[in-house]
Amino acid sequence: MKLCDRSSSCQVDGNVVQPASQVGWAEGDLWQGTEIIMLLEILFAAVLGAIIYVFLIKKKEDIIVEMGDGWWNKGLKPDFEEDATIYPFRVETSEAEINYLHRRLEEARYTESLEDCGFHYGFNVTYLKKVVSYWRNQFNWKKQVEVLNKFPQFKTKIEGLDVHFLHVKPSRLLEGQTAKPLMLVHGWPGSVYEFYKIIPLLTDPMSHGLNGNHIFEIICPSIPGYGFSEAPHKKGFNSVCAAHIFHKLMLRLGFCEFYVQGGDWGSAICTSLAQMAPSHVKGLHTNMAFVTFIGFKELLSILLAPYFPGLFGFQAEDIQGMFPLKTKIFERLLMESGYFHQQATKPDTSGCALNDSPVGLAAYILEKFAAWTDISAQHLEDGGLEKKFTLDDLLTNVMIYWVSGCIVPSMRFYKENVSLLFGRKSHAKLPKQVPAGIAVFPHEIAYVPRPWIQRKYVNIISFNYMPRGGHFAAFEEPELLAADIQQFVEKVEKGNTAK
């Protein structure tokens, strides 16, 4: 028997023996080859699975699967059927409530503003004193209650919650004409009062110089947790849950086909409703298109669109609205998103303070009305508030939050929606097939380029840039918004396709 060197072959009893190192290599090569084949098989299966998902399964997910009945009141859902009665509602406030408010306004404690700071540090305290003085001494809440009650209001129990809504029918119709049901949905920090100026334009357009071809029957609900709708008593009530409740409301009112319109959270709710019930929603109109999912192409466009706009489908308005990124996106995001982070994480902490202080509540809410109407007016002592609104209008909205005590649940809505908007199971990533109309107002808090919007709203038949206005479109520019809604509905009714 002969010993072999590990690096060379030798003969043993007449047989050629490979060195141990070469034997090991041969076995290793065989094992590595098997691994490669297995990996290729896994890769092929993954690719095949992705193809099946994209072309056969994913299309089914374009519609939010209809939810089962929820229960948002305390305790367990009762066994008996929920009372579907719709009953009238009127806003009422006692003298004791008004006296308490006046006392709190009189006892307010202030911190002086810095010189010449405008609204750059938040609500200007010098101007806040003027607002509070007007609120205490001149604002007539009883008169504003009469204004609130001029439109028919109702409540009905849905999934354990008392849901408040306006239901305004047109006073006159031409012969052979029928009113088109239109749901208007508000956002934060707004209320149904945002729509009080636009409702007459939609229910009686001819009396206001608008096209009378399309007259609307308005349903305007308060989001649960806002205004006079009962707040959810359980965690998890987000915009999809609100859409489900509003869908039930429309069916309960006897509307199998209807239009929806909204901005802010109203846009998210209406979009979910259109996705949830596409056979019932004839058209979706929004003045704030939510786009929270950004893919590789969108990220690339952020870098290259200023140089190659046509490559990404950007128009002049998109370039002007987004760039330069430093000031149009990053600085604005940094300076104006603090409230979002607070409300999306710990809403009850600051909410408790606001619910206890009418002055703090007014400052917090009205600062948003200033910034989101026209942020360029921050250098002014009043933040530009009185350019678009009267103090009576602004304080009426604040009073709805104060007398209903809804500021905390309205802020919780942000926390409930964060996982929905940015989570892995986000419905926000799914395209919307219902005919869509987009109205872009120049002073909206954030600009979203049209190609990004088109990726989500795939059946846009109306896309218009408004000449003026900001976030609270119905409150600021009711005539512009009403006219845009009308022309959108005209296109839907004529069967226009996406453009």
Side-chain angles (χ1 to χ4, degrees), residues 97-141 144 188-191 327 330-408 410-411 414 443 445 470-472 475-476:
E97 290 178 283
I98 299 301
N99 292 336
Y100 174 72
L101 170 65
H102 286 170
R103 180 173 64 81
R104 295 298 304 274
L105 295 177
E106 292 166 357
E107 295 174 352
R109 186 174 65 172
Y110 301 94
T111 299
E112 292 299 320
S113 289
L114 299 174
E115 292 182 0
D116 303 320
C117 67
F119 264 54
H120 288 287
Y121 285 73
F123 204 98
N124 184 287
V125 179
T126 303
Y127 180 63
L128 180 61
K129 291 179 180 179
K130 296 179 182 179
V131 173
V132 173
S133 175
Y134 182 89
W135 195 0
R136 171 62 183 88
N137 301 307
Q138 295 170 263
F139 179 72
N140 188 337
W141 173 237
Q144 293 307 112
W188 186 91
S191 64
T327 56
F330 297 137
E331 287 185 5
R332 181 168 294 189
L333 181 66
L334 178 65
M335 297 302 295
E336 298 300 326
S337 64
Y339 83 98
F340 191 102
H341 185 259
Q342 171 65 30
Q343 294 177 192
T345 53
K346 300 293 189 293
D348 286 27
T349 303
S350 55
C352 287
L354 299 176
N355 191 51
D356 183 60
S357 169
V359 175
L361 179 68
Y364 194 78
I365 288 177
L366 297 185
E367 187 268 324
K368 299 308 173 194
F369 273 85
W372 298 354
T373 299
D374 186 357
I375 199 170
S376 67
Q378 281 190 328
H379 65 284
L380 301 175
E381 186 180 81
D382 71 347
L385 276 172
E386 294 188 59
K387 285 186 175 181
K388 283 291 183 73
F389 310 109
T390 67
L391 285 179
D392 282 342
D393 282 340
L394 293 170
L395 289 172
T396 297
N397 184 69
V398 172
M399 282 293 289
I400 290 174
Y401 278 80
W402 176 254
V403 299
S404 67
C406 73
I407 187 62
V408 174
S410 75
M411 293 167 69
Y414 281 76
H443 295 299
I445 53 178
H471 183 70
F472 304 96
F475 210 27
E476 299 172 52

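All values below come from the heavy atoms of this structure, side chains included, with hydrogens, waters and symmetry mates left out. Residue indices begin at 1 and follow the sequence shown.
- A donor-acceptor pair under 3.5 Å is formed between the side chain of N397 and the backbone N or O of P189.
- For the residue pair N124 and C117, the shortest heavy atom distance occurs at ND2-SG, 3.8 Å.
- With respect to D374 and K388, no salt bridge is recorded, no charged nitrogen being found less than 4.0 Å from a carboxylate O.
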Please report the C-alpha distance between D382 and K130 in whole Å, then the side-chain angles of each, then the deciding distance to 0.1 Å, and finally whether the salt bridge (charged side-chain N to carboxylate O under 4.0 Å, His left out) criterion is met. CA-CA 10 Å; D382 71 347; K130 296 179 182 179; over 6 Å; no
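- To the nearest 0.5 Å, atoms CG (L101) and CH2 (W141) are separated by 10.0 Å.
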Chi angles and distances behind the side-chain contact (heavy atoms from CB on, under 4.5 Å) call for L334, E331: CA-CA 5 Å; L334 178 65; E331 287 185 5; 5.7 Å; no
Walk me through whether W188 and F340 qualify under ring-ring contact (aromatic ring centres under 6.0 Å, His included). CA-CA 11 Å; W188 186 91; F340 191 102; 9.8 Å; no
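- Residues Q342 and T349 come closest through the heavy atom pair NE2-CB, 4.2 Å.
- Distance check, rounded to the nearest 0.5 Å: CG of L385 to CG of D393 gives 12.0 Å.
- Side chains of R109 and V359 form no contact here, defined as non-hydrogen atoms less than 4.5 Å apart.
- Of the possible polar contacts, one joining the Y401 side chain to the G190 backbone as a donor-acceptor pair under 3.5 Å is found.
- Separation of atoms CG (L380) and CZ (F119) is listed at 9.0 Å; rounding is to 0.5 Å.
- For the residue pair A377 and G384, the shortest heavy atom distance occurs at CB-CA, 3.9 Å.
- Two residues are said to be in side-chain contact when any heavy atoms from C-beta on lie closer than 4.5 Å; K129 and E112 meet this criterion.
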Check the pair Y121, Q378 against side chain to side chain donor-acceptor pair (under 3.5 Å), reporting the backbone distance first and the verdict last. CA-CA 9 Å; Y121 285 73; Q378 281 190 328; over 6 Å; no
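- To the nearest 0.5 Å, atoms OG1 (T373) and CZ (F389) are separated by 3.5 Å.
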Show, in sequence, the C-alpha distance, side-chain angles and deciding distance for I375 and H443, and conclude whether the side-chain contact (heavy atoms from CB on, under 4.5 Å) test is met. CA-CA 7 Å; I375 199 170; H443 295 299; over 6 Å; no
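- Taking all atoms of both residues into account, the shortest heavy-atom contact from Q144 to T396 is NE2-OG1, 2.8 Å.
- Atom CG of D356 and atom CD1 of I407 lie 13.0 Å apart (nearest 0.5 Å).
- Between the side chain of S113 and the backbone N or O of V125 there is at least one donor-acceptor pair closer than 3.5 Å.
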Could you walk me through whether M399 and F139 pass the side-chain contact (heavy atoms from CB on, under 4.5 Å) test, one step at a time? CA-CA 11 Å; M399 282 293 289; F139 179 72; 3.8 Å; yes
Between Y110 and V132, is a side-chain contact (heavy atoms from CB on, under 4.5 Å) present by the stated rule, with each step listed? CA-CA 11 Å; Y110 301 94; V132 173; 3.3 Å; yes
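- Between the side chains of Y134 and D392, a donor-acceptor pair is found at a separation under 3.5 Å.
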Compile the donor-acceptor pairs under 3.5 Å between side chains in residues 363-371 and protein atoms, sequence neighbours left out, one pair per line.
residue : atom : partner : partner atom : Å
Y364    : OH   : Q343    : OE1          : 2.8

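- Of all heavy-atom pairs between R104 and S357, the closest is NH2-CA, 3.9 Å.
- In this structure, the separation between OG on S350 and CG on N355 is 11.0 Å, given to the nearest 0.5 Å.
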